[in-house]
There are 2 protein chains.
Amino acid sequence: MARQIKAEKNLNSRQIRDAEATQAVILAAAEEEFAKHGLTSARTEAIAKKTGVAKSMIYYYFKDKEGLYQAVLERSHSDLLQTSQQLDLDHLSPEAALEKFLTALLDCVSRNPKLPLIMFHEAVQNQGKYYKRSSSLSIDTKLVKILERGVATGVFRKLDPFQSAINIMGTCLFYFVGAGNIQQHPQGKRLLSKAMLEQHAQEAIALILAGVRNP
Amino acid sequence: MARQIKAEKNLNSRQIRDAEATQAVILAAAEEEFAKHGLTSARTEAIAKKTGVAKSMIYYYFKDKEGLYQAVLERSHSDLLQTSQQLDLDHLSPEAALEKFLTALLDCVSRNPKLPLIMFHEAVQNQGKYYKRSSSLSIDTKLVKILERGVATGVFRKLDPFQSAINIMGTCLFYFVGAGNIQQHPQGKRLLSKAMLEQHAQEAIALILAGVRNP
DNA sequence: GTCTATACGAGGATAGAC
DNA sequence: GTCTATCCTCGTATAGAC
């Protein structure tokens, strides 16, 4: 955005200088590209083209494609990581904790719908080797703990906490995989519109809470 | 396999001639590669290396990488497609239909755990454009129909059938994404072992059935 | 049918002018 | 800081011998 303004103020000189703006633009475009293609089949040329800046700027700021990828990973996970760390759930009932956890998770991914896709590619293609102290792992164990507590207390069914944690994550995140594919709701609403995202959050939470509760 | 036998019978001649066997070997290796990387970042060289046959055989039998990809798509979806067509669910109660549907789906993907990964890549990377009369679409609408019936009858909660169908698919399929990544169960069991796959099917079905039921 | 060798294009990365 | 031009590796695809 800052870049845009400078560009207008300075129309006859194509070489705008704004390090932060340039990096931001590159990161945004890279996030899109990596979300769609993952590290290996993402194209630096495609990223450069989307930004309008020269391809060499990528190497200037991020060293190489891998460096850019790591920057994108960090940036796109930081929100989720921070949010999950701020959640303190131990003083809540298992059911309340689970709902709070899911709300926070769905909130994060609704704000950044590309995140699940990035996670997916990273998991499948690279076996998560670019997650050092993986944010998604730490979030997963948080969920397992909630489920364990609920089963022990008897408010949740006798379910396997480990398996169920994976399945619950799937319920929340799979939607975003389909989003690029399905595009159109029968009624013609986009899957990533604000209304649909909110509905997804509601539906997912309802399905999961009903699914784990002890009848 | 047939290839292996011939190879042993004929050790001094490297040039074994068995069209079917060669194609089968290539298809198997390609399925693995495409599951991990999708069309774009799959490498024909990697596929050839895994098979032991010359890279040019891929082009001889499948014309090009895209041709091979389509062959893999068709082959790996045929089981699911056939299974889903053979299901006739209209005479069953919504709950029984849903259980039967889920059992069949989980059975298919447990037999071929690479299928969800292939679907995923195809959806994200290519927006499903290689699905002509998409098998996964037809299966999805089947699920929507079941849910609609259940809601109408009142045996299911008031849920959105479209949204819930996606979430249910996520519950079943996301597991296979994690499988490559998580590798190890806390107790040291592999996620794709027969026992774990069966447990996953049970857990997923239980979660979903409890999740949709009207209390 | 199968192999080896190679042509050719795409894409990652760098050099150097401005 | 930004751009253009270029290098060079890697990967798809083909040619041609066996």
Side-chain angles (χ1 to χ4, degrees), chain A residues 2-30 32-34 36-72 125-126, chain B residues 2-27 29-30 33-34 36-72 125-126:
Chain A
R3 187 181 187 83
Q4 299 294 326
I5 293 160
K6 282 216 179 179
E8 285 174 49
K9 282 190 185 170
N10 203 353
L11 275 174
N12 43 354
S13 128
R14 298 251 315 292
Q15 298 194 2
I16 310 139
R17 302 197 178 218
D18 185 335
E20 279 185 35
T22 304
Q23 289 179 55
V25 173
I26 292 174
L27 276 171
E32 233 177 273
E33 178 78 2
F34 285 129
K36 196 160 192 178
H37 292 105
L39 173 57
T40 2
S41 74
R43 299 290 168 234
T44 56
E45 281 181 331
I47 295 169
K49 207 163 209 175
K50 258 183 271 187
T51 63
V53 306
K55 196 171 42 159
S56 52
M57 287 290 88
I58 292 172
Y59 299 91
Y60 179 75
Y61 282 116
F62 300 97
K63 188 180 180 205
D64 55 12
K65 189 164 90 159
E66 196 180 335
L68 177 57
Y69 181 65
Q70 280 174 324
V72 167
Q125 215 168 50
N126 314 323
Chain B
R3 187 182 188 81
Q4 298 295 324
I5 293 161
K6 282 217 177 181
E8 286 176 47
K9 284 188 184 170
N10 203 354
L11 276 174
N12 43 353
S13 130
R14 298 249 318 290
Q15 298 194 1
I16 310 141
R17 299 194 181 221
D18 186 335
E20 279 185 35
T22 303
Q23 291 181 52
V25 173
I26 292 174
L27 276 171
E33 178 77 4
F34 285 129
K36 195 160 191 177
H37 292 105
L39 172 58
T40 2
S41 74
R43 298 290 167 235
T44 56
E45 279 181 331
I47 295 169
K49 208 163 207 173
K50 258 183 266 185
T51 62
V53 306
K55 200 174 30 165
S56 53
M57 287 289 87
I58 291 172
Y59 300 92
Y60 179 74
Y61 282 116
F62 300 97
K63 189 182 179 205
D64 56 11
K65 190 163 90 158
E66 196 180 334
L68 177 57
Y69 182 64
Q70 279 173 324
V72 167
Q125 215 170 50
N126 314 320

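Letters A, B, ... mirror the listed sequences (proteins, then strands); counts begin at 1.
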Are the side chain of [X] and the backbone N or O of [Y] linked by a donor-acceptor pair below 3.5 Å?
| X | Y | answer |
| --- | --- | --- |
| E33(B) | R43(B) | yes |
| K65(B) | T40(B) | yes |
| K50(A) | A28(A) | no |

Whole-Å distance between [N] [atom2] and [X] [atom1]?
| X | N | atom1 | atom2 | answer |
| --- | --- | --- | --- | --- |
| D64(B) | dG9(C) | CG | P | 16 Å |
| F62(A) | dT14(C) | CZ | P | 15 Å |
| I58(B) | dT4(C) | CD1 | P | 14 Å |
| K49(B) | dC3(C) | NZ | C1' | 16 Å |
| D18(B) | dC3(C) | CG | P | 12 Å |
| Y60(A) | dA15(C) | OH | P | 15 Å |
| M57(B) | dT12(D) | CE | P | 17 Å |
| E66(B) | dT12(D) | CD | C1' | 13 Å |

Of all heavy-atom pairs between A48(A) and A54(A), which one has the smallest distance, and what is that distance?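 Taking every non-hydrogen atom into account, CB-C, 4.3 Å.
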Students often get this wrong, so: under 4.0 angstrom with heavy atoms, is A54(B) touching a base, only sugar-phosphate, or nothing?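 A54(B): base contact, heavy atoms under 4.0 Å.
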Practice problem: Carefully, step by step, assess L68(A) and I47(A) under the rule side chain to side chain contact (heavy atoms under 4.5 Å, CB included). | Solution: CA-CA 11 Å; L68(A) 177 57; I47(A) 295 169; 4.0 Å; yes
#### Entry: Check: dT4(C) base within 3.5 Å donor-acceptor of S56(B) side chain
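Answer yes: a donor N or O sits under 3.5 Å from an acceptor.
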Using atom names, set out every protein N or O paired with an N or O of nucleotides 8-11 of chain D below 3.5 Å, distance rounded to 0.1 Å.
residue: dG11(D); atom: OP2; partner: E45(B); partner atom: OE1; Å: 3.4

*E45(B) with K55(B): basic N within carboxylate O range, under 4.0 Å*: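 K55(B) and E45(B): salt-bridged.
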Does OP1 or OP2 of dA15(D) have a side-chain N or O of Y59(B) closer than 4.0 Å?
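No, outside the criterion.
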query: So do T44(A) and F62(A) actually touch side chain to side chain, heavy atoms under 4.5 Å?
result: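 Of all side-chain heavy-atom pairs linking T44(A) with F62(A), none is under 4.5 Å.
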